[in-house]
Asker: 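To start, I am sharing the structure in question, which I have written as structure tokens.
Residue numbers start at 1 and run along the sequence shown. Please read these numbers as outputs of a predicted model, since none were measured by experiment.
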Amino acid sequence: MAVLIRSEEWPERSLLGVLSPPAREELLGLGTEVRFQAGDVLLREGWHDRHALLLLCGFVKVTATVENGETSLLAVRAAGDIVGEMATMDGAPRSATVIACGPLTARKLPADVLRELVRSSPEISMALMGITANRLRWANRRRLDFRGYPAKVRLARLLVELAECYGSSRAEQVVIGCSLTQPELATMVGAAETTIHKVLSELRGERLLKTGYRTTTILDLDGLKRLADLGP
């Protein structure tokens with residue numbers, strides 16, 4: 001059974017995390033609650049439906065089909081995030097597929113409801129614009145990383161970002177609760193799966209992280225940041 005996150009625990013960079021309590025409560029009061037299980041497709045690339053989903057608990061993977069027909073992992077989203085808002089706003093077909101990584105609860109927001117909210121609430125409108133801008137910056141950083149850093153540094157940068165956005169602190173460690181396979185990590189950092197296998201082994205040997213069932217634990221976040229060329 002998925003556990004809902006209390007309001008004070010929404011990730012800081014998520015939509016719910018950046019809103020004031022009144023705006024957050026207004027958003028949480030809209031739409032209808034929906035539930036999904038691991039592997040369920042929340043949104044499908046190419047579909048013409050228009051609703052958005054506000055994630056209340058759990059993780060999703062955002063994927064898209066590339067030119068050779070293979071599936072590429074684009075991003076991970078978690079509780080507090082919104083998915084599907086692009087099609088809601090511009091009316092275009094879905095640009096990606098969203099899949100539940102485990103039990104997940106969300107609010108289903110019809111297009112007309114979300115559009116009216118954007119018109120009536122400057123705070124929520126600005127927050128959505130900020131989320132879109134942050135995602136664009138993230139995508140741009142990925143492109144620059146592919147050109148400027150070796151695979152080990154690219155993976156370290158991705159893990160730091162996941163830890164800071166979606167990690168939970170336990171003692172002096174940070175647990176990333178979303179389950180990402182080695183092929184998925186490889187697509188996100190633009191490396192071969194064999195390379196990622198080797199890099200993960202090296203990071204475990206350097207006591208920077210440990211991996212377990214459905215989790216990755218960062219043992220030394222500052223050390224991982226130094227490796228990622230991100231400073232302490």
Asker: Can you measure from CG (Leu224) to CG (Leu209) and round to the nearest 0.5 angstrom?
Answerer: 6.5 Å
Asker: Not counting sequence neighbours, list each pair that qualifies as a side-chain hydrogen bond (donor to acceptor under 3.5 Å, both in side chains) and has a residue in residues 73-89.
Answerer: Asp81-Tyr166, Glu85-Arg135
Asker: Sequence neighbours left out, what pairs pass side-chain hydrogen bond (donor to acceptor under 3.5 Å, both in side chains) with at least one residue falling in residues 120-132?
Answerer: Ser20-Glu123
Asker: Ion pair present between Glu202 and Lys198, side-chain N to carboxylate O less than 4.0 angstrom?
Answerer: yes
Asker: Any non-hydrogen side-chain atom of Leu203 less than 4.5 Å from a side-chain atom of Lys152?
Answerer: yes
Asker: Say whether, by atom type as modelled, one donor and one acceptor occur between the side chain of Arg154 and the main chain of Val189 under 3.5 angstrom.
Answerer: yes
Asker: Of Thr195, Leu200, Thr194, which meets side chain to side chain contact (heavy atoms under 4.5 Å, CB included) against Gln182?
Answerer: Leu200
Asker: Can you name the closest pair of heavy atoms from Thr211 and Arg204 and give their distance?
Answerer: OG1-NH1, 3.2 Å
Asker: Is it the case that over 12 heavy atoms from other parts of the model lie below 6.0 angstrom from the CZ atom of Arg207?
Answerer: no
Asker: Check each of Val18, Leu19, Leu114 against Ile124 using the side chain to side chain contact (heavy atoms under 4.5 Å, CB included) test, and report the only one that passes.
Answerer: Leu19
Asker: Provide the closest heavy-atom pair for Thr105 versus Arg35 in the form atom of the first, atom of the second, distance.
Answerer: OG1-NH1, 3.2 Å
Asker: Please report the closest heavy-atom contact between Leu159 and Ile176, naming both atoms and the distance.
Answerer: O-CD1, 3.7 Å
Asker: Do you know the tightest heavy-atom contact between Ala127 and Leu15?
Answerer: CB-CD1, 3.7 Å
Asker: Specify the closest pair of heavy atoms between Gly223 and Leu208, including all atoms of both residues, with the distance to one decimal.
Answerer: C-CD2, 3.9 Å
Asker: If you count every heavy atom of other residues, nucleotides or ligands that lies below 6.0 Å from Met86 atom CE, does the total exceed 12?
Answerer: no
Asker: With Leu53 as reference, evaluate Leu43, Ile82, Leu104, Leu109 under the side chain to side chain contact (heavy atoms under 4.5 Å, CB included) test and give the passing residue.
Answerer: Leu43
Asker: Can you give me the closest heavy-atom contact between Arg44 and Val41, atom names plus distance?
Answerer: NH2-CG2, 3.5 Å
Asker: Any pair with a residue in residues 92-103 that passes side-chain hydrogen bond (donor to acceptor under 3.5 Å, both in side chains), sequence neighbours left out, goes on the list, sorted by first then second residue, please.
Answerer: Asp49-Arg94
